[in-house]
Every structure is written in C-alpha cells, then in structure tokens.
Amino acid sequence: MNQNPHWKQLIWTWAAIIFGNALYSLTVALFLEPAGLITGGATGIALAIGRLTGLSVSGLLLFINLAMLVWGWAVLGRAFALNTLASSVLSPAFLALFEGNGEWPGADGGHLPLHRLRGASASGVALGIVIRSGASTGGLDIPPLVLNKWFKLPVSATMLAFDIIVLLMQAVFSPMPQVLYGIVMVLIHTVVMDKMLMMGASRTEVKIISSQSDTICAAILEQLDRGVTILHGEGGYTHESSAVLLSIVSNRELPRLEKLAHSIDPTCFLIVSHVTEVSGRGFSMDKDYL
C-alpha cells in the first residue's frame with residue numbers, strides 16, 4: 001500500500017510527458033507547417049530544411065533529436081540522456097502521426113495572426129507541461145548545456161543565441177510577414193511557457209511583527225486553523241529582539257487574518273506577498289493534528 005502514491009505519481013508524470021509532446025506535435029502540424037510560420041529550436045531547423053528539400057519534418061526532427069541525444073550522452077552522461085530520451089522520440093513520432101492528417105480553417109496562411117496566437121499558446125502550454133513533469137525537451141536544449149560544461153558559458157544566453165540563429169536561418173527564404181509573426185510567436189510561446197512553469201496553487205504569505213506576537217499566533221492557530229512559523233528577528237534601529245510570525249493562507253483568508261491581527265495589535269507590522277505554489281502539510285498533504 002505504501003507504494004501506491006509512488007506509482008500514481010509515476011503514471012501522472014508519464015501521462016504529462018506523452019500529452020505534452022502530443023500537443024506540441026499537433027501544434028506544429030496544424031499551425032506552423034501549413035502557415036509557413038518560423039520558430040526556434042530543433043523544430044525550427046527541421047521546418048527550414050523541410051521547406052528547402054521537401055523532406056519529412058518529423059523525420060528530420062527525429063534525426064536532429066537523436067544526434068543531440070548522442071552528443072548529450074557522450075558529454076553530459078547517461079542519466080541526462082535517459083531523461084531526454086522520451087521527448088526526443090515522442091515528439092517526432094507524434095508529428096509523423098499528425099502530419100498531413102488534419103486540415104484547419106485558414107491553413108493556407110490566410111489567418112496568420114490567428115495561427116500565431118494558437119500556435120504560440122499551444123506550444124507554450126505543451127512544453128510547459130513537459131518541463132513541469134521533470135523531463136527535458138531535448139533537441140537544441142542540449143548544445144547550451146554542453147557549452148556550459150566545456151566553456152562555462154551561461155545556458156540562458158547560449159540558448160537565446162541558438163534560437164536567434166535558427167530564426168535568422170529561416171528568415172533568409174521566408175516572406176517578411178512570416179518572419180515577424182514567427183518572432184512574435186516565439187515571444188508569446190516563451191511567456192506562456194513561463195506561466196505554465198509557475199502555475200500552481202496560489203497562496204498568500206503573511207509576515208507579522210508585533211509586540212503581542214504570542215497572542216496573534218494563538219489566534220491564528222485557533223480561529224483560522226492555519227500553521228504559524230516563528231522567526232527570530234532583530235530591530236535594525238533599536239537592536240531589540242522580536243518575533244516574526246510567518247503564515248501561509250488562501251487569498252480568501254487574508255482579510256480575516258488582517259482583521260484578526262489588527263484587532264489584537266492595531267500597530268502591528270504586516271508584510272503580504274503572493275506565492276505561486278505551496279506544498280507540504282496542510283496544503284498538498286493532509287493536516288496532522290497531534
């Protein structure tokens with residue numbers, strides 16, 4: 001019975017990896033290829049070569065991914081390669097399945113703004129799901145990691161440089177509207193992916209500094225049924241020691257906590273912060289009452 005949570009988590013993780021790669025491949029097949037849009041990464045290289053040679057984009061993507069995977073295995077080790085293997089194979093496999101099997105209104109490029117928005121949003125969501133599941137997306141994510149290991153170059157800078165190179169490579173033979181739409185699409189895709197990575201159970205963090213911290217702590221525990229952590233602080237001017245109460249509450253509970261604290265000590269000092277995700281006892285786990 002103790003292994004059930006582990007197997008549940010494993011099933012959800014693999015379901016997320018498969019769904020994320022399927023959604024990304026569907027996005028490429030429905031929006032990027034028919035509309036002639038450009039994008040970054042290994043998919044951008046495959047699209048560029050495919051338009052020049054007429055070769056299958058899915059086949060090219062598989063070749064690029066496997067080449068990067070072998071390079072990553074040789075330089076970064078077996079554990080990294082195994083973490084990257086799933087997306088390296090699943091994405092081209094799903095793309096081969098979807099290629100040529102779907103028609104979308106405006107697939108000839110007549111609705112480029114709509115394609116841009118759909119494609120950017122869907123690809124951002126898809127890659128966000130894959131990365132949140134703990135898997136690597138493979139492809140051109142690997143060269144920046146290799147360069148970082150060899151030359152200590154910052155990963156974010158080299159990743160951006162590779163994306164710019166791929167976009168410029170496609171810009172040579174793409175009409176200017178596609179180029180501009182593609183650049184905007186990459187920006188939207190990045191923002192959406194970042195939002196997906198930061199998505200979680202939104203909560204509010206409250207820090208309270210008061211001379212009546214013990215009374216406020218007891219009131220939060222009893223009336224709000226929320227946990228409190230007592231931090232030890234010191235006044236910067238007076239150098240007097242003081243207790244800092246730290247509590248995480250839901251957004252709806254914030255007004256109650258503020259009224260409760262001010263009813264006990266009207267001069268208390270409150271710091272309220274928004275946090276994107278909270279896990280642990282009382283949130284992602286059941287409360288433990290002793």
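No hydrogens, no waters, no symmetry mates; every other heavy atom, side chains included, goes into these values. One-based numbering along the sequence shown.
One finds a salt bridge joining Glu205 and Lys207 here, because a Lys/Arg side-chain nitrogen approaches an Asp/Glu carboxylate oxygen to under 4.0 Å.
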TODO: Would you sort out whether Leu32 and Met185 count as a side-chain contact (heavy atoms from CB on, under 4.5 Å), showing the intermediate values?
DONE: CA-CA 10 Å; Leu32 272 64; Met185 194 192 78; 4.0 Å; yes
TODO: Show the numbers, then the answer: is there a side-chain contact (heavy atoms from CB on, under 4.5 Å) between Trp73 and Thr84?
DONE: CA-CA 10 Å; Trp73 188 309; Thr84 310; over 6 Å; no
Task: Intermediate values then yes/no, side-chain contact (heavy atoms from CB on, under 4.5 Å), Leu270 and His262 - done: CA-CA 9 Å; Leu270 271 77; His262 283 127; 3.9 Å; yes
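Contact between Ile264 and Ala219 at its shortest, heavy atoms only, is CD1-CB, 3.7 Å. Nearest heavy-atom pair across Glu33 and Val57 is OE1-CG2, 3.4 Å. Contact detail for Pro144 and Thr158: the closest heavy-atom pair is CB-OG1, 3.2 Å. The minimum heavy-atom distance between Val125 and Leu23, with the atom names listed, is CG1-CD2, 4.1 Å. The two residues Gln170 and Ser174 have their closest heavy-atom pair at O-OG, 2.8 Å. When all heavy atoms are compared, the tightest approach of Val192 to Ser121 is CG1-O, 3.6 Å.
Considering CG of Leu254 and NE2 of His274, their distance stands at 12.0 Å, rounded to 0.5 Å. With rounding to the nearest 0.5 angstrom, the OG atom of Ser88 is 11.5 Å from the CD1 atom of Ile64. In this structure, the separation between CH2 on Trp12 and CZ on Phe19 is 11.0 Å, given to the nearest 0.5 Å. Here the CG-OG1 distance, from Leu260 to Thr215, works out to 10.5 Å after rounding to the nearest 0.5 Å. Residue Ser210 holds its OG atom at 7.5 Å from CG of Leu245, rounded to the nearest 0.5 Å. Interatomic distance, CE of Met68 versus CZ of Phe63, reported as 8.5 Å (0.5 Å rounding).
When the side chains of ILVMFWY residues are joined at heavy-atom separations under 4.5 Å, either directly or via intervening members, Leu95 and Leu69 end up in two distinct hydrophobic clusters. When the side chains of ILVMFWY residues are joined at heavy-atom separations under 4.5 Å, either directly or via intervening members, Phe269 and Val206 end up in two distinct hydrophobic clusters. Trp14 and Trp7 fall within the same hydrophobic cluster, where Ile, Leu, Val, Met, Phe, Trp and Tyr residues are linked whenever their side-chain heavy atoms come under 4.5 Å apart, directly or through other members. At a threshold of 4.5 Å between side-chain heavy atoms, the hydrophobic network of Ile, Leu, Val, Met, Phe, Trp and Tyr places Met169 and Leu60 in one connected group. By the criterion of side-chain heavy atoms lying less than 4.5 angstrom apart, applied directly or through intervening Ile, Leu, Val, Met, Phe, Trp or Tyr residues, Leu62 is not grouped with Ile17; the two fall into different hydrophobic clusters.
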What pairs of donor and acceptor atoms, side-chain ones from residues 40-49 against any protein atom, are under 3.5 angstrom apart with sequence neighbours left out?
residue: Thr43; atom: OG1; partner: Tyr24; partner atom: OH; Å: 2.8

Could you list the donor-acceptor pairs under 3.5 angstrom formed between side-chain atoms of residues 228-238 and any protein atom two or more places apart in sequence or on another chain?
residue: Glu234; atom: OE2; partner: His239; partner atom: ND1; Å: 3.0
residue: Thr238; atom: OG1; partner: Glu240; partner atom: N; Å: 3.2

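Sorted by first and then second residue, the pairs that involve residues 248-264 and meet salt bridge (Lys or Arg N to Asp or Glu O under 4.0 Å), not counting sequence neighbours, are Arg226-Glu253.
Residues Asn65 and Val89 are not in side-chain contact: their nearest non-hydrogen atoms beyond the backbone lie 4.5 Å or more apart. For the pair Pro143/Trp71, a side-chain contact is recorded, criterion being any heavy-atom separation below 4.5 Å from C-beta on. Side-chain contact check for Ile220 versus Ile208: some heavy-atom pair is nearer than 4.5 Å. Side-chain atoms of Val75 and Trp150, non-hydrogen and from C-beta on, do get closer than 4.5 Å to each other. Side-chain contact check for Leu147 versus Phe162: some heavy-atom pair is nearer than 4.5 Å. Contact of the His189 side chain with the Thr27 side chain is not registered, since no non-hydrogen atoms from C-beta on lie closer than 4.5 Å. Taking 4.5 Å as the limit, some side-chain heavy atom of Ile188 sits within range of a side-chain heavy atom of Val184.
Panel note: side chain Asn148, backbone Pro154; no donor-acceptor pair is recorded below 3.5 Å. Listed for the Ser25 side chain is a donor-acceptor partner under 3.5 Å among the backbone atoms of Ser91.
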